[in-house]
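Read the structure below first, then the notes.
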2 protein chains.
Amino acid sequence: MISGNLNVEIVVAVIAVVFFFIGVYLNKRSLNKQMNSSTEINYKKIEELEISKREYEVLLAISDGLSNKEIANKLFVSESTIKTHVSNLLVKLNAKRRTHALQIAKDLQII
Amino acid sequence: MISGNLNVEIVVAVIAVVFFFIGVYLNKRSLNKQMNSSTEINYKKIEELEISKREYEVLLAISDGLSNKEIANKLFVSESTIKTHVSNLLVKLNAKRRTHALQIAKDLQII
DNA sequence: AGCACTTTAGTACTTTAGTATGAATAGATT
DNA sequence: AATCTATTCATACTAAAGTACTAAAGTGCT
């Protein structure tokens, strides 16, 4: 009788643990399908768009809300240089302005 | 003996279901804490910052990458009006410019 | 009606952003 | 060595964004 009760308890515990992790696993899967945000960055897309390393740094700085002058200071180059990078980014992303570039970049999951 | 086996099966099933949902629930909670993106919008924060309905519409339009003129057309008002809203938004969000406002708004989870 | 707040809009101005163009330099590749 | 690409920077623009006011009209509330 004692060994019988122990068996039941162990079985219950195992089932609880197993189904707990099944719940966690299935939930993670379903959530990943839903939200295509906060996912990983699509590096292939960055290459595909021929966005250079420096241009990408500028793009990230834009998404931090920095001005061209602030980006220039951060990267130790002139504001002219940043303007060039931004202009090239806008062309490559087919964006009209920096906020538009951010919207597109998020959509493409490159930031 | 028969009724005894049935009870065990029912108990096992109940435990399985219960722990399955506990797994789902706890997983959802832990994921929400990690990624503060793609989560729900913090409407209390919007009120707290005293951002009006119209100002919030403008904020969303900014995050869509629209220019002041485009926002004006979309909301059927003048560009002057949009400039007023944007200026007020920048003050309320303590932002230096619209891209900075977007960064802050995302951080506060109001967009 | 009176009050508070939001939304609207204007003028005049300064600051940022963005375009177009040309050019120099460094690094990697052929 | 010659070529290609990325990065840098400048000048001279035009366009967009943002500030600082002022003010009128609409909305909701008491």
Side-chain angles (χ1 to χ4, degrees), chain A residues 41-108 110-111, chain B residues 41-108 110-111:
Chain A
I41 286 165
N42 193 344
Y43 292 105
K44 289 164 196 163
K45 199 81 197 174
I46 298 175
E47 286 182 53
E48 195 182 313
L49 293 171
E50 296 180 62
I51 292 173
S52 75
K53 200 173 286 181
R54 204 55 159 168
E55 284 163 356
Y56 188 65
E57 287 185 272
V58 171
L59 181 59
L60 293 180
I62 290 173
S63 94
D64 282 339
L66 303 185
S67 70
N68 289 338
K69 196 167 283 176
E70 287 170 337
I71 299 171
N73 289 147
K74 189 181 179 183
L75 301 183
F76 305 106
V77 294
S78 79
E79 195 185 343
S80 299
T81 303
I82 301 303
K83 284 189 178 188
T84 303
H85 290 320
V86 173
S87 265
N88 291 332
L89 270 170
L90 295 184
V91 171
K92 290 176 181 179
L93 287 169
N94 198 25
K96 291 182 189 169
R97 60 198 74 83
R98 53 172 62 209
T99 50
H100 193 198
L102 290 181
Q103 186 269 308
I104 293 169
K106 264 159 221 150
D107 194 55
L108 299 175
I110 64 176
I111 58 171
Chain B
I41 285 165
N42 193 344
Y43 291 105
K44 289 164 196 165
K45 199 81 197 174
I46 298 175
E47 287 182 50
E48 195 181 313
L49 293 171
E50 297 180 61
I51 292 172
S52 75
K53 200 174 285 181
R54 205 54 160 170
E55 284 164 354
Y56 188 64
E57 287 185 273
V58 172
L59 181 58
L60 292 179
I62 290 173
S63 93
D64 282 338
L66 303 185
S67 69
N68 289 338
K69 196 167 282 175
E70 287 170 338
I71 299 171
N73 289 147
K74 189 181 180 186
L75 301 182
F76 305 107
V77 293
S78 80
E79 194 185 344
S80 300
T81 302
I82 301 303
K83 285 189 176 190
T84 303
H85 289 320
V86 173
S87 266
N88 292 333
L89 270 170
L90 296 185
V91 171
K92 290 175 181 179
L93 287 169
N94 198 26
K96 291 181 188 169
R97 61 199 72 83
R98 53 172 62 209
T99 50
H100 192 198
L102 290 180
Q103 185 269 309
I104 293 168
K106 264 160 220 148
D107 193 56
L108 297 175
I110 64 176
I111 57 170

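The figures that follow rest on heavy atoms only: side chains count, while hydrogens, waters and symmetry mates do not. Within every chain, numbering begins at 1; the chains are lettered A, B, ... in the order of the sequence lines, protein sequences first and strands thereafter.
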Scan the side chains in residues 86-96 of chain A for donor-acceptor partners under 3.5 Å anywhere in the protein, sequence neighbours excluded, and list what turns up.
from    : atom 1 : to      : atom 2 : distance (Å)
A/Asn88 : ND2    : A/Thr84 : O      : 3.2
A/Lys92 : NZ     : A/Glu50 : O      : 2.7
A/Lys92 : NZ     : A/Glu55 : OE1    : 2.8
A/Lys92 : NZ     : A/Glu55 : OE2    : 3.1
A/Lys96 : NZ     : B/Glu70 : OE2    : 3.2

Readout for nucleotides 9-30 of chain C: B = base within 4.0 Å of protein heavy atom, S = sugar-phosphate only, - = neither; 5' to 3' it is BBB-----BBB-----------

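Checked for salt-bridge contact, A/Glu57 and A/Arg54 meet the test: a charged N lies under 4.0 Å from a carboxylate O.
If you take CD of A/Glu47 and P of D/dT5, they are 16 Å apart, rounded to a whole angstrom. Taking atom CD1 of residue A/Ile71 and atom P of nucleotide D/dT7, one finds them 15 Å apart after rounding to whole Å. Distance A/Asn73 CG to D/dC9 P: 12 Å, rounded to the nearest Å. At whole-Å resolution of the value, CG in A/Leu75 and P in D/dC9 are 11 Å apart. Spacing between atom NZ of B/Lys92 and atom C1' of C/dC5 amounts to 10 Å, rounded to whole angstrom units.
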Practice prompt. Run the numbers on A/Leu102 and A/Ile62 for side chain to side chain contact (heavy atoms under 4.5 Å, CB included), then give the verdict.
Written response: CA-CA 8 Å; A/Leu102 290 181; A/Ile62 290 173; 3.8 Å; yes

| request: I would like to know whether B/Leu75 and B/Thr81 meet side chain to side chain contact (heavy atoms under 4.5 Å, CB included); could you show each step before the answer? | output: CA-CA 10 Å; B/Leu75 301 182; B/Thr81 302; over 6 Å; no

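Side-chain contact between A/His100 and A/Arg97: present, with at least one pair of heavy atoms (C-beta onward) separated by less than 4.5 Å.
Remark on the helix from C/dA1-D/dT30 to C/dT30-D/dA1: inter-end axis angle 50°, axes from five-pair C1' superpositions, rounded to 10°.
Every side chain to side chain donor-acceptor pair (under 3.5 Å) that B/Glu48 has, sequence neighbours left out, goes to B/Lys45.
Applying the salt bridge (charged side-chain N to carboxylate O under 4.0 Å, His left out) test to residues at least two apart or on different chains, none of the pairs has a partner in residues 81-91 of chain A.
Put simply, CG on B/Asn42 and CD on B/Glu47 are 10.0 Å apart, with the number rounded to the nearest 0.5 Å. Note that CD of A/Gln103 is 10.0 Å distant from CD1 of A/Ile111, once rounded to the nearest 0.5 Å. Here CG of B/Asp64 is found 9.5 Å from OG1 of A/Thr99. Values are rounded to the nearest 0.5 Å. Taking CD1 of A/Ile82 as the start and CG of A/Leu66 as the end, the distance is 10.0 Å to the nearest 0.5 Å.
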Every protein N/O lying under 3.5 Å from an N/O of nucleotides 23-30 of chain D:
none

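Of the side-chain N and O atoms in A/His85, none sit less than 4.0 angstrom from OP1 or OP2 of D/dA6.
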